[in-house]
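To start, the structure itself, in C-alpha cells.
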Amino acid sequence: MRPMFRRVMVGAQIAALSWVLAACGAGDGPGEPPTLPKDQQPAQKDVVRFLSQAGFGGSQAEIDRTRRIGFSAWIGEQYSLRQDRHQTYVDSQIDTAKLAGQSVNQQNWVYESFWRTAVAGDGVLRHRVAFALSQIFVVSLADGAVGQYPRGVASYLDMLGRNAFGNFRTLLQDVSLHPMMGLYLSHLRNQKEDPSRGRVPDENYAREVMQLFTIGLYELNPDGTVRLDSRNEPIETYTNEDVSGLAKVFTGWSWAGPDKSDKRFFGGDAWAERDVQPMQPYPKFHSTSEKRFLGTVVPAQASADPEASLRIALDRLFAHPNVGPFIGKQLIQRMVTSNPSPGYVARVASAFDDNGSGVRGDMKAVIRAVLLDPEARSPVPGATDYGKLREPVLRIAHWMRAFGARSASGRFLIGNTDNPSTSLGQTPMRSPSVFNFYRPGYVPPNTDIAAAGMVAPEMQITHELSVAGYLNTLRNVISGGIGSGSPRDVQPDYAEMVGLAERPDALVERIGAMLIAGEMSPELRAQVIDAVGSVAVSGTNAQSAATARLNRVKLAIFLVMASPDYLVQK
C-alpha cells in the first residue's frame with residue numbers, strides 16, 4: 001500500500017513542504033515480566049512497529065523494555081493495569097471550577113483527559129482499543145444533544161475502556177444502554193407504537209446497531225469476504241421489516257433515576273447522575289406487541305418487559321456469524337492495516353468465535369489475535385497492499401510519547417483540534433457523524449488505491465487543505481509545543497537528540513529508528529541529512545551553536561514526520 005499512498009499524497013506534500021520550510025532497565029524487578037533470552041528478543045524496528053499499533057508509540061526506554069520482555073508479555077501486563085478514568089478527571093475539574101466560581105468549556109476536559117491518558121497514562125493498550133471502539137460505536141460531542149453532557153461522554157469513553165478487555169456481549173449491552181448513545185441515536189425516550197396517533201417506534205438505533213455495530217449490510221464469510229447469492233449478488237443481512245421489528249425492542253428506555261415517572265421518562269426531574277448511569281426501563285412506554293427480526297421472535301407480552309426483549313435481541317445479534325469478521329476486520333484496520341488479507345480476518349474472527357476455552361466474544365483473545373498475527377508482526381517485504389495512513393490524532397500522540405513530552409500543568413491543555421487548516425482536522429470524540437471521521441470502506445477516487453480494489457479509510461479526511469494544515473501545525477508543535485498557554489502547556493524533551501546534532505547522519509538515523517522503525521527510504525534519508533547539515537553550527541559562539549543544534553533536531557523531526565515514509569504506518 002505504501003507506494004500507492006506515496007503517489008496519491010506526494011504531490012500535495014511537496015508543494016506544501018516547500019511553502020512551510022520557507023517559513024521556518026537492567027534486570028528483572030519484583031513483579032517484572034522475565035527478560036527474554038537475547039536471541040528471542042524482537043528487533044528494535046519490530047518493537048517500534050508494535051508500539052505504534054498497540055498504543056501511541058513509545059520512548060526509547062519503552063522500546064528497550066518491550067524488547068526485553070517481548071510482545072506477548074507486554075500485552076499480558078497491559079491487561080493487568082488499572083484503568084485511567086476520564087470521568088474522574090472531568091469530575092475533578094468540575095469541582096475545582098465550582099470552588100473557583102469559574103465557568104469554562106467542559107468539553108475541553110474530555111479532550112485533556114484523552115491526551116493525558118494517551119501520553120502519560122498507565123494502560124496505553126486499553127486506551128488505544130477504546131479509541132478504536134469509539135470510532136466504531138460512535139457518539140460525538142459535535143452533536144447538539146450529546147455536546148451538552150461532556151461528563152457523560154467521559155463516562156462513555158470509560159465504558160469503552162472497561163469493556164476493551166471484557167466480552168463483546170457486555171460491550172454491546174453497555175453501548176445500547178448508555179444515555180449518550182441513547183441521545184445520539186435517539187432511542188432514549190423512544191415510545192411504543194400508537195396506531196391511533198400514527199406513531200411508530202424510532203428506528204434509528206435499531207438500524208445502526210445492525211449496520212454499524214454488529215453485522216453490517218451484507219452476509220460475510222468467516223474471512224470477511226462478502227457472501228454472494230446464485231445471481232452473484234451480495235446477500236443483505238437485514239430488511240426494513242427487521243429494522244421495524246427490532247425498533248420495538250428499544251422502546252421504553254430513558255434516563256436513569258430514583259423512580260420511573262412519566263416526567264422522568266421525558267426528561268424532567270433531572271437526576272444528577274443520569275448522564276453517566278445506564279438508561280433504565282419504563283414498562284409503560286415499551287411495546288408489548290410481537291417483535292420479529294433476523295429470524296427471531298419476541299412473543300407478544302401480557303405485561304411489558306423491556307429487559308427481556310433487550311436480552312433476546314442482543315443475544316441474537318451477538319450470536320450472528322457476521323460479528324467476528326465484521327468487528328475483527330475493523331479493529332485490524334484501526335490498529336494495524338487497512339487491507340488485511342482474508343486469512344488475517346479469518347484468524348481474528350476465529351478468536352472472536354472461540355477464545356480457546358469455548359468462550360465467544362472474549363476481547364482479550366481478539367486483541368491478541370489482531371496484534372500477534374503473523375501478518376501484523378511479519379508483513380511480506382515490499383507488499384503494496386499493507387499498512388495504513390496514520391490519522392492526525394495518532395501522529396501527534398506518537399510525537400509526544402517518542403520525545404517525552406510533559407505537561408507543565410499536568411493536565412495536557414489541548415482543546416478542540418477540528419480545524420483542518422489551522423490544526424489537526426480531528427478531535428477525539430468529535431466525529432462529524434455516526435459513520436466516524438472516515439468509513440472503513442472508503443476508497444479515494446481516481447487513485448491507484450482505487451484501481452487496485454483497495455480501501456484507505458483515513459484518506460477521507462486527507463486533502464489539500466488538511467495536508468497544508470498538518471504541516472503548519474506540525475512545524476509549530478515541534479518548535480513550540482502544543483496546548484494553551486505561553487509557553488505552550490505540553491513541551492517535548494529533545495535533549496538526547498541534541499546530543500547527536502553535530503552528526504547529521506547519526507541524528508537522522510536515530511529519529512528514523514524511533515518514528516518509522518528504521519524503514520526510511522534512501523532518498524528521504526539523503527534529503528533530510530542534507531537539510532540538517534545545511535544548518536550551520538558555530539564553532540565560536542556557544543549560544544548560537546546551541547540554538548543551531550536544537551534547530552537541526554526540530555528540522556529533522558519535521559521532515560521525517562512530514563514524509564510519506566512516516567505518514568503510512570507499516
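Bear in mind the structure is a predicted one, so any value in this text is a computation, not a measurement.
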- Message: For a quick test of reading the model, state the closest non-hydrogen atom pair linking Gly328 to Val348 and the distance between them.
- Response: CA-CG1, 3.8 Å
- For residues Thr170 and Asn163, is any side-chain donor paired with an opposing acceptor at under 3.5 Å? no
- Query: For residues 414-427, which residue pairs qualify under salt bridge (charged side-chain N to carboxylate O under 4.0 Å, His left out), counting only residues two or more places apart or in two chains?
  - Reply: Asp418-Arg430
- Task: Show your working on ring-ring contact (aromatic ring centres under 6.0 Å, His included) between Phe266 and Phe285 and close with a plain yes or no.
- Result: CA-CA 11 Å; Phe266 288 109; Phe285 297 98; 5.4 Å; yes
- Report yes or no: do Tyr89 and Arg411 form a side-chain donor-acceptor pair below 3.5 Å? yes
- Check the side chains of Thr117 and Asp84 for a donor-acceptor pair under 3.5 angstrom, ignoring hydrogens and angles. no
- Task: Carefully, step by step, assess Asp489 and Ser484 under the rule side-chain hydrogen bond (donor to acceptor under 3.5 Å, both in side chains).
- Result: CA-CA 6 Å; Asp489 182 60; Ser484 62; over 6 Å; no
- Task: Give the intermediate values and the outcome of salt bridge (Lys or Arg N to Asp or Glu O under 4.0 Å) for residues Asp262 and Lys284.
- Result: CA-CA 9 Å; Asp262 291 4; Lys284 176 180 177 179; 2.5 Å; yes
- What's the verdict on side chain to side chain contact (heavy atoms under 4.5 Å, CB included) for Leu389 and Leu567, showing C-alpha distance, side-chain angles and the deciding distance? CA-CA 6 Å; Leu389 188 66; Leu567 292 174; 4.1 Å; yes
- Message: Could you check whether any side-chain N or O of Lys260 sits under 3.5 Å from a backbone N or O of Pro281, counting only pairs where one atom can act as donor and the other as acceptor?
- Response: yes
- Side chains of Thr214 and His320: do they bring a donor and an acceptor to under 3.5 Å? no
- Message: Is there a side chain to side chain contact (heavy atoms under 4.5 Å, CB included) between Met561 and Trp399? Walk through the geometry before answering.
- Response: CA-CA 9 Å; Met561 291 189 68; Trp399 169 79; 3.8 Å; yes
- Can you list the residues that meet the salt bridge (Lys or Arg N to Asp or Glu O under 4.0 Å) rule with Arg439, with sequence neighbours excluded? none
- All ring-ring contact (aromatic ring centres under 6.0 Å, His included) counterparts of Trp253, not counting sequence neighbours: none
- Message: Whether the Gln93 and Ser113 side chains hold a donor-acceptor pair (N or O, under 3.5 Å, no angle test) is what I'd like checked.
- Response: no
- Between Gln135 and Ser431, a side-chain donor and acceptor under 3.5 Å: no
- Query: Is any NZ, NE, NH1 or NH2 atom of the basic residue among Asp259 and Arg264 found under 4.0 Å from an Asp or Glu carboxylate oxygen of the other?
  - Reply: yes
- Selection residues 398-409 - residue pairs positive for salt bridge (charged side-chain N to carboxylate O under 4.0 Å, His left out), sequence neighbours left out: Glu62-Arg401
- Query: Is a side-chain N or O of Asn476 found less than 3.5 angstrom from the main chain of Asn472, in a donor-acceptor match?
  - Reply: yes
- Going by the side chain to side chain donor-acceptor pair (under 3.5 Å) test, which pairs reach into residues 118-133, not counting sequence neighbours? Arg82-Asp122
- Do Arg334's NZ or CZ and the ring of Phe131 fall within the cation-pi criteria of under 6.0 Å and 45°? no
- Counting only N and O atoms by type, is there a donor-acceptor contact under 3.5 Å from the side chain of Thr473 to the main-chain atoms of Leu424? no
- Can you pull the salt bridge (charged side-chain N to carboxylate O under 4.0 Å, His left out) pairs that have at least one residue in residues 301-312, sequence neighbours excluded? none
- Message: Tell me whether the NZ or CZ atom of Arg316 lies within the 45° cone about the ring axis of Phe293 and under 6.0 Å from its centre.
- Response: no
- Query: If you round to the nearest 0.5 Å, how far is CZ of Phe265 from CZ of Arg189?
  - Reply: 8.5 Å
- Message: Under a 3.5 Å distance rule, please check whether Gln491 uses its side chain to pair with a backbone N or O of Gly480 as donor and acceptor.
- Response: yes
- Give the intermediate values and the outcome of side-chain hydrogen bond (donor to acceptor under 3.5 Å, both in side chains) for residues Gln87 and Ser155. CA-CA 5 Å; Gln87 185 191 331; Ser155 79; 4.6 Å; no
- Message: Apply side chain to side chain contact (heavy atoms under 4.5 Å, CB included) to residues Trp255 and Leu183 and explain how you reach the verdict.
- Response: CA-CA 10 Å; Trp255 296 109; Leu183 282 175; 3.8 Å; yes
- Query: Are any side-chain N or O atoms of Glu458 and backbone N or O atoms of Lys388, one a donor and one an acceptor, separated by less than 3.5 Å?
  - Reply: no
- Those residues that, when tested against Tyr156, pass ring-ring contact (aromatic ring centres under 6.0 Å, His included) (two or more places apart): His178
- Query: If every non-hydrogen atom of Met429 is compared with every non-hydrogen atom of Val153, which pair is closest and at what distance?
  - Reply: CE-CG1, 3.9 Å
- Query: Is the backbone of Phe56 close enough, under 3.5 Å, to the side chain of His398 for a donor and an acceptor to pair up by distance?
  - Reply: no
- salt bridge (Lys or Arg N to Asp or Glu O under 4.0 Å) between Arg116 and Glu112, intermediate numbers included: CA-CA 6 Å; Arg116 181 170 170 265; Glu112 291 168 15; over 6 Å; no
- Query: Taking all non-hydrogen atoms of both residues, which atom of Gly483 and which atom of Arg488 are closest, and how far apart?
  - Reply: O-NH1, 2.8 Å
- Item | Listed partners of His187 passing ring-ring contact (aromatic ring centres under 6.0 Å, His included), at least two apart | Tyr205, Phe250
- Query: Quick check: does any side chain N or O of Thr337 sit under 3.5 Å from a backbone N or O of Gly387, one acting as donor and the other as acceptor?
  - Reply: yes
- Can you sort out the partners of Tyr79 under ring-ring contact (aromatic ring centres under 6.0 Å, His included), two or more places apart, ordered by chain and number? Phe165
- Query: Using a distance-only test with no angle check, is there a side-chain donor-acceptor pair under 3.5 angstrom linking Thr239 and Asp242?
  - Reply: yes
- Message: Please report the interatomic distance OG1(Thr417) to CD1(Ile396), rounded to the nearest 0.5 Å.
- Response: 9.0 Å
- Leu331 CG to Ile367 CD1 distance, which is reported to the nearest 0.5 Å: 7.5 Å
- Message: Salt bridge or not between Arg292 and Glu241? Use side-chain N to carboxylate O under 4.0 Å.
- Response: no
- Check salt bridge (Lys or Arg N to Asp or Glu O under 4.0 Å) between Arg390 and all other residues, then give those that pass, not counting sequence neighbours. none
- Item | Results of side chain to side chain contact (heavy atoms under 4.5 Å, CB included) for Gln102 - residues two or more places apart only | Ala97, Ala100, Val104
- Taking Ser423 for its side chain and Asn419 for its backbone only, find out whether a donor-acceptor pair lies under 3.5 Å. no
- Task: For side chain to side chain contact (heavy atoms under 4.5 Å, CB included), just list the numbers for Leu371 and Phe71, CA-CA rounded to whole Å, side-chain angles, deciding distance to a tenth of an Å, and then say yes or no.
- Result: CA-CA 9 Å; Leu371 294 175; Phe71 302 140; over 6 Å; no
- Task: Give every residue pair that meets the salt bridge (charged side-chain N to carboxylate O under 4.0 Å, His left out) criterion with at least one member in residues 148-167, sequence neighbours excluded.
- Result: Asp91-Arg151, Arg151-Glu273, Arg151-Asp275, Arg162-Asp174
- Query: Where the side chain of Ser338 meets the backbone of Val455, is there a donor-acceptor pair that is under 3.5 Å apart?
  - Reply: no
- Message: Quick check against the 3.5 Å criterion: does Thr251 have a side-chain atom that pairs as donor or acceptor with the backbone of Asn190?
- Response: no
